[in-house]
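The sequence lines fix the lettering, A, B, ..., with proteins before strands; numbering per chain opens at 1.
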2 protein chains.
Amino acid sequence: MSVRVVVADDQRVVRDGLVTLLKLLPGIDVVAAASDGAEAVQLVAEHRPDVLLVDLRMPNVDGVEATRQVRTEYPQTEVVVLTTYSDDESVLSALRAGARGFLTKDADAEAIGRAIQAAADGQSILDADVQRRLIEGAVAAPKAVDSGLTPREVDVLRLIAEGLSNTEIARRLVVSEATVKTHINHLFAKANLRDRAQAVAYAYRLGLA
Amino acid sequence: MSVRVVVADDQRVVRDGLVTLLKLLPGIDVVAAASDGAEAVQLVAEHRPDVLLVDLRMPNVDGVEATRQVRTEYPQTEVVVLTTYSDDESVLSALRAGARGFLTKDADAEAIGRAIQAAADGQSILDADVQRRLIEGAVAAPKAVDSGLTPREVDVLRLIAEGLSNTEIARRLVVSEATVKTHINHLFAKANLRDRAQAVAYAYRLGLA
DNA sequence: CCTGATCTCAACCCCAGGGTTGAGGCTTGG
DNA sequence: CCAAGCCTCAACCCTGGGGTTGAGATCAGG
């Protein structure tokens, strides 16, 4: 039985190219084509395809949002994302939103067909580059960026990120609370933070917690 | 031109099964079969195949180590890993070592063939489960474990994690500051938090930020 | 040896944030 | 239809957090 596919891309050339290309592949039926994200979701609702092949950058509703909607509302439809640049910011977002596959636009017909078949089967095909970045992200995590903070300020920041109060931090570092406040004021100024909530976020982004 | 494959699995049944199964697939040539990791590496050296299909658990040299050796010494040979359990500890290790694809042993013939073709092509096919875990690891996926927070409370928590003040949150959500404070009090009680600093840490741990 | 950076501390002010109580409107499901 | 949960808002209190100023002690480096 053939895999039923909806294609979504705002560029007519790409869209039509994909449709004709996919029609030549055995085992794949293109049932509809959308020119933006909103239309894509609507066509998925209408046709309930096995796979949605969607571009990341589109007007109205972008690929990430379309993916999220499709995956939550029509979970039997798998999503394969197609993009021009594999280093696009939104690649990870798309994967998190539930995209099954990931292709760059220089993929050939077999590669695209394979990704669609795989997605319909519950497997996941990733562009090599994307996979590499995923693995790096998953394994090699923190690079503890420095930010001109003194060691002591970093200590304090870490404890703030653990949710400790000033008195608790003072006890922990065996200094007075006044000292803690001083350090905090300094690091707030350096890092341009307003309060400890922002400091916690900052610490997490720095990889300190 | 056919993809040349070396198979490696210590269990004779599995190994022979794979070989006969792969021989039935068009576009795939099995050129050799190894019964442990050391032999696998040796056969790769000898035949320089396009793809090595290797089991994770094997005597002498395990799948991870075999992958690493093959990828460093014979980089033109891609590696597809086959394992019984997708939650195996060494899955990530294998991927880090350079494995291109990842299959569980309940994959059917087409799935295996697809993975091999994809690997030979520079793509990467992952078992659905493995992909999910990769993404979670890489981007702290939103694990729907919301600990009983209401949607609105989650909204507020997210904004707290962005470092916004109550008045800013109120503006952003188009409600009064009193409402924001109510939500905050509720979520603090539910999640056992003392102040917004702890809330930020909590949000990050939940993957909301 | 002086300078600058860091760490330490104190006293003060002010207010955003957090706790509490109470209450009205809105869906939803039994 | 009523109960329950959620979202909304108000008024009050009070503490901890954050801003500011100022200052002594130590230490590395020019």
Exercise for the section: Check whether the side chain of A:Thr182 and the base of C:dC9 form a donor-acceptor pair under 3.5 Å. Expected result: yes
Handout entry: Rounded distance (Å) that lies between atom P of D:dG17 and atom CG of A:Leu187
Key = 14 Å
Problem - Student check: side-chain heavy atoms of B:Val54 and B:Val70 closer than 4.5 Å - result: no
Practice task
Please tell me which of B:Val175 and B:Asp195 maps to the more 5' nucleotide of DNA chain D, matching each residue to the nucleotide holding its nearest heavy atom.
Solution key: B:Val175
Exercise for the section: Name the closest nucleotide to the B:Thr150 side chain, picking from D:dC6, D:dC9, C:dG17. Expected result: D:dC6
Practice task
May I ask you to evaluate whether A:Asn185 reaches the phosphate of D:dG18, defined as a side-chain N or O under 4.0 Å from OP1 or OP2?
Solution key: no
Handout entry: Crowding at CG, A:Asp108 (>12 non-hydrogen neighbours, <6.0 Å)
Key = yes
Exercise for the section: Check the distance between C:dG17's C1' and B:Phe188's CZ and give it to me in whole angstrom. Expected result: 8 Å
Exercise for the section: State plainly whether the residues B:Arg171 and B:Glu168 are in salt-bridge range, i.e. N to O under 4.0 Å. Expected result: no
Exercise for the section: State whether A:Asn166 places a side-chain N or O below 4.0 Å from either non-bridging phosphate oxygen (OP1 or OP2) of D:dG17. Expected result: yes
Problem - B:Arg114 and A:Gln123: side chain donor to acceptor below 3.5 Å - result: yes
Handout entry: Spacing between A:Arg152 atom CZ and C:dC9 atom P, to the nearest angstrom
Key = 9 Å
Handout entry: Interatomic distance, A:Leu164 CG vs D:dG17 C1' [rounded to whole Å]
Key = 15 Å
Practice task
Rounded off to whole Å, could you give me the CG-to-C1' distance for the B:Asp155 and D:dC6 pair?
Solution key: 13 Å
Practice task
Using whole Å, report how far CG of A:Asn192 lies from P of D:dG18.
Solution key: 15 Å
Problem - OP1 or OP2 of D:dC9 under 4.0 Å from side-chain N/O of B:Ser176 - result: yes
Exercise for the section: Whole angstrom is fine here: how far is it from CD1 in A:Ile184 over to P in C:dC9? Expected result: 14 Å
Practice task
Would you indicate, yes or no, if D:dC6 has its OP1 or OP2 atom less than 4.0 angstrom from a side-chain nitrogen or oxygen of B:His186?
Solution key: no
Exercise for the section: Let me know the distance between CZ of A:Arg196 and C1' of C:dG18, rounded to the nearest Å. Expected result: 14 Å
Practice task
Taking all heavy atoms of A:Leu25 and all of A:Gly113, pick out the closest pair and write down the distance.
Solution key: CD1-CA, 3.6 Å
Practice task
Using heavy atoms to find the nearest nucleotide of DNA chain D for B:Lys181 and B:Glu177 separately, return the residue whose nucleotide is more 5′.
Solution key: B:Glu177
